[in-house]
Amino acid sequence: MKCYPVPRENLVLSIDNLKDDIPEEYLSHKECYENVIRKGSVLYDIFSELSKDRKHKAHQAPSNAYRISDGIMQNVNPFLLHFALFVPAITNQATPEQQAEFLKHGFGIIGTYAQTELGHGTFLRGLETTATLDLETDEFVLNSPTLTSYKWWPGGLGHTANHCVVMAQLYVKGKCHGPHLFFVQIRDIETHEPLPGLKLGEIGAKMGFNTADNGFLGFHNFRIPRNNMLMKNSQVLKDGTYVESKNEKLTYGSMVFVRVYLLSDMAYMLARAATISVRYSAVRHQSHIKPDEPEVQILDFVIQQHKLFISIATSHAFKICGLWLWQTYSKVMEDIGKGSMDRLPELHALSCCLKTTSTRDAGWLIEQCRLACGGHGYLMSSNLPSLYTTATAAITYEGESTVLLLQTARYLIKSWKRAMEGESLPATVSFLSEYFNKRYNKWENTPKGIVDGLKLVVAGVTKMCAESIQKHVSRGQQYEEAWNSSSVQLIKASEAYSRALLCEVFWFEVDKVSSTLSNNLAVVLKQLAELYITYWALEKRGDLLVYTTISKDDLDKLQERYEELLALIRPNAVGLVDSFDIRDEILCSTLGAYDGRVYERMMEHALKSPLNAETVNQSFHKYMKPVILKHKI
Ligand SMILES: CCCCC/C=C\C/C=C\C/C=C\CC/C=C/C(=O)SCCNC(=O)CCNC(=O)[C@H](O)C(C)(C)COP(=O)(O)OP(=O)(O)OC[C@H]1O[C@@H](n2cnc3c(N)ncnc32)[C@H](O)[C@@H]1OP(=O)(O)O
Ligand SMILES: Cc1cc2nc3c(=O)[nH]c(=O)nc-3n(C[C@H](O)[C@H](O)[C@H](O)COP(=O)(O)OP(=O)(O)OC[C@H]3O[C@@H](n4cnc5c(N)ncnc54)[C@H](O)[C@@H]3O)c2cc1C
């Protein structure tokens with residue numbers, strides 16, 4: 001067995017058969033998949049060795065090995081779900097004995113997480129796949145009773161995984177106990193053929209993520225041992241007794257893990273886009289500022305700085321908040337392990353709104369970085385289009401953004417009611433209780449003053465939502481209808497909450513560590529944090545004017561300070577993206593390489609196009625020439 005030392009970037013990146021002769025954009029759909037499996041298998045081997053050194057714990061932040069594969073795969077790794085959801089679901093939801101059994105082959109099996117169906121993705125209680133206990137044989141019988149019950153979307157399901165964790169409605173003695181998770185082998189380990197009773201395949205080409213091998217899976221009287229239900233939280237005994245979970249929502253724990261992780265993931269996606277666009281903007285000379293001087297670096301246009309520096313700042317915001325949210329997640333998981341689930345609703349609410357905001361922001365900011373590079377940003381070789389399609393998929397997967405914001409809104413409304421009843425609240429929402437005492441406080445044009453103002457917006461909008469729901473109820477609507485009628489405002493409350501959290505955590509975490517940093521570093525990090533907070537105060541000036549005592553004069557001063565910050569950051573802009581320390585082989589961009597040889601790299605890449613293998617393409621003679629000659633006058 002090959003034995004790799006713990007991989008370092010240069011070790012992995014130096015492996016010859018991990019390099020592509022032909023850029024992926026020139027391969028067919030099938031060739032793309034086969035190419036990533038070729039590379040993914042080498043990486044899987046390396047990371048399996050790595051992971052053996054780090055025993056998988058339910059909530060251990062994944063290693064940065066995941067990042068190296070970004071450069072190698074240059075697209076989504078079809079093995080990703082094994083690490084992102086399959087193994088965490090087992091370590092999170094199976095008993096220790098089951099974990100030992102299901103993971104005994106270590107990395108000899110490749111798994112995915114099969115929850116979404118053709119007919120249901122959000123509403124898990126509406127999933128149609130069934131798992132019915134057969135008491136006589138001590139088995140569950142899995143079925144897909146309708147076309148809409150086919151599992152549809154799971155990554156790696158089409159042709160890569162040979163096992164999966166399946167979410168299905170549990171039926172015991174004719175009674176449905178709701179969605180539960182099951183460990184299911186779907187392909188023969190040796191031949192990789194689908195097991196009898198299964199229909200497997202891939203779902204077809206997508207906007208991006210085309211190497212993720214998202215697939216479909218249908219069951220027809222497919223039998224698994226009773227012990228294959230993940231039974232850490234709820235159990236089905238041999239005699240058919242169903243033992244309820246202490247909290248049925250624990251079944252959804254695997255999704256919380258990925259949502260928490262995605263904040264850090266988006267920090268990294270943005271770091272790549274910012275590195276590419278800022279470096280390119282330092283190389284690209286276009287137009288004049290002073291008519292009698294040479295063409296300037298486009299990075300000297302203040303509007304270009306306005307487009308790009310927010311991405312540098314946001315990447316740091318997501319990185320710092322991602323660490324904060326990870327610590328919260330780990331603490332809550334620890335508490336749950338000790339039997340306390342008090343903070344699970346808070347963690348769910350935080351992970352929902354922060355996952356949504358980070359994925360949405362990553363999407364539009366990466367697009368903004370692409371557009372800031374002009375036509376060359378539209379080239380696949382810039383890597384900005386792929387970063388965009390990969391990042392924006394996360395707005396939908398792991399919980400669609402609207403749905404998750406409504407989950408957070410549910411928590412805000414509950415917290416508001418508790419605040420009005422004088423109950424004490426967790427620190428992350430305690431500001432709701434202070435609304436009536438603070439709403440007329442004098443505005444302070446400082447980062448802390450802005451954070452306090454953004455919190456007042458959250459409280460004010462939440463109060464407005466609660467009043468809207470009450471108004472609809474008083475007019476005769478059921479609570480659920482009143483909730484639906486108020487959902488536009490509810491989304492606004494969650495968005496405001498998420499923004500206030502990001503600003504608060506970013507500013508105070510930077511402020512907390514700044515005394516431990518060199519003065520220069522502390523100054524630059526604080527500039528980035530202040531830029532982020534001031535940017536969003538200006539973006540949300542309407543809400544601040546409604547819910548705080550901010551004045552037009554205060555806003556003018558904030559605008560002035562924002563433009564000062566752009567000028568202060570400008571000299572450090574390239575240094576700041578260099579400090580993301582993303583190697584060219586992982587950045588995969590003709591526009592963003594460290595050496596700045598943009599035009600040479602663009603030409604080198606263009607010449608790799610198969611179309612450039614000959615000066616006259618055969619289609620001229622086959623199709624064009626007859627037409628031209630026919631119409632030649
Ligand atoms: C090398 C290592 C790499 C690691 C890298 C890690 C990540 C990498 C990045 C990406 C991964 C790669 C590819 C993408 C893979 C994508 C996978 C998927 O998409 S998996 C499928 C995801 N699907 C969803 O998220 C479904 C969304 N729907 C739901 O969560 C629920 O259905 C919904 C919407 C919350 C509704 O729940 P439901 O029970 O029907 O109704 P309620 O709204 O009434 O909720 C009832 C109460 O339950 C609480 N709740 C709900 N969900 C949770 C939860 N997850 N945790 C805790 N609590 C929850 C909710 O707050 C209600 O509580 P109260 O009644 O208010 O007290
Ligand atoms: C790239 C990618 C990878 C994926 N990987 C996996 C995977 O590995 N495993 C897996 O199980 N799934 C996976 N998924 C599926 C993903 O989890 C679902 O697409 C997601 O949960 C949304 O469900 P849906 O697509 O059925 O949309 P729906 O739930 O049908 O939502 C459609 C629209 O209806 C709205 N809507 C739905 N419910 C409500 C509500 N209660 N209130 C207001 N509006 C509502 C939504 O906001 C949305 O705008 C993946 C998806 C993508 C795009």
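In terms of heavy atoms, Thr116 sits closest to Gly121 at CG2-CA, 3.7 Å. Of all heavy-atom pairs spanning Ser351 and Leu325, the tightest one is CA-CD2, 4.3 Å. Of all non-hydrogen atoms in Trp153 and Ile203, the two that sit nearest each other are CE3-CD1, 3.5 Å. In terms of heavy-atom proximity, Leu544 sits nearest to Leu454 at CD2-N, 4.1 Å.
The salt bridge (charged side-chain N to carboxylate O under 4.0 Å, His left out) pairs that include a residue from residues 354-363 are Arg360-Glu495, Asp361-Arg499, where partners are two or more places apart or lie in different chains. Listed by first then second residue, pairs satisfying salt bridge (charged side-chain N to carboxylate O under 4.0 Å, His left out) with a partner in residues 507-531 read Glu509-Lys512, Asp511-Lys526, Glu530-Arg561, not counting sequence neighbours. Contacts classified as side-chain hydrogen bond (donor to acceptor under 3.5 Å, both in side chains) and involving residues 386-396 (residues at least two apart or in different chains) are not found.
With sequence neighbours excluded, the residues satisfying ring pair (Phe, Tyr, Trp, His ring centres under 6.0 Å) with His82 are Tyr44, Phe86, Phe107. In this structure Tyr268 satisfies the ring pair (Phe, Tyr, Trp, His ring centres under 6.0 Å) test with no other residue, sequence neighbours excluded. The side-chain contact (heavy atoms from CB on, under 4.5 Å) search around Ala84 returns Leu80, not counting sequence neighbours. Partners of Cys353 by side-chain contact (heavy atoms from CB on, under 4.5 Å), not counting sequence neighbours, listed by chain and number: Leu405, Thr408, Tyr497, Ser498, Leu501. For His348, the ring pair (Phe, Tyr, Trp, His ring centres under 6.0 Å) test picks out no residue, with sequence neighbours left out. Here Phe508 pairs with Lys448, Val451, Glu504 under the side-chain contact (heavy atoms from CB on, under 4.5 Å) rule; sequence neighbours left out. A search for side-chain contact (heavy atoms from CB on, under 4.5 Å) contacts involving Ala273 returns Ile366, Cys369, Leu384, Leu387, not counting sequence neighbours. Scanning for salt bridge (Lys or Arg N to Asp or Glu O under 4.0 Å) contacts around Lys307 gives an empty result, with sequence neighbours left out. Listed by chain and number, the residues in a ring pair (Phe, Tyr, Trp, His ring centres under 6.0 Å) with Trp152 are Phe216 (sequence neighbours excluded).
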Residue pair Ser311, Gln368: steps toward the side chain to side chain donor-acceptor pair (under 3.5 Å) verdict: CA-CA 9 Å; Ser311 280; Gln368 187 158 284; 5.7 Å; no
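No side-chain donor-acceptor contact under 3.5 Å links Glu398 to the backbone of Arg259. Remark: side-chain polar atoms of Ser494 are paired, donor with acceptor, to backbone N or O of Ala409 under 3.5 angstrom. Between the side chain of Asp584 and the backbone N or O of Ala593 there is no donor-acceptor pair closer than 3.5 Å. Here the side chain of Gln93 pairs a donor or acceptor atom with the backbone of Leu250 at under 3.5 angstrom. A donor-acceptor pair is defined here as one N or O able to donate and one able to accept, closer than 3.5 Å; such a pair exists between the side chain of Glu400 and the backbone of Thr402.
For the pair Lys463 and Tyr547, the minimum side-chain heavy-atom distance is 4.5 Å or more. Here the side chains of Ile110 and Thr160 are in contact, with some heavy-atom distance below 4.5 Å.
Outside the 6.0 Å centre-distance limit, the rings of His316 and Phe506 are not counted as a close aromatic pair.
The aromatic rings of Tyr397 and Phe209 lie tilted to each other, with the angle between the two planes from 30° to 60°. Classified by interplanar angle (parallel below 30°, tilted 30° to 60°, perpendicular above 60°), the ring pair Tyr329/Phe257 is tilted.
How far CG of Leu365 is from CG of Leu270: 5.5 Å, rounded to the nearest 0.5 Å.
Taking a 6.0 Å sphere around NZ of Lys319, one finds it holds 12 or fewer heavy atoms contributed by other residues, nucleotides or ligands.
Between His163 and the choices Phe102, Phe183, Tyr113, the ring-ring contact (aromatic ring centres under 6.0 Å, His included) rule is met once, by Phe183.
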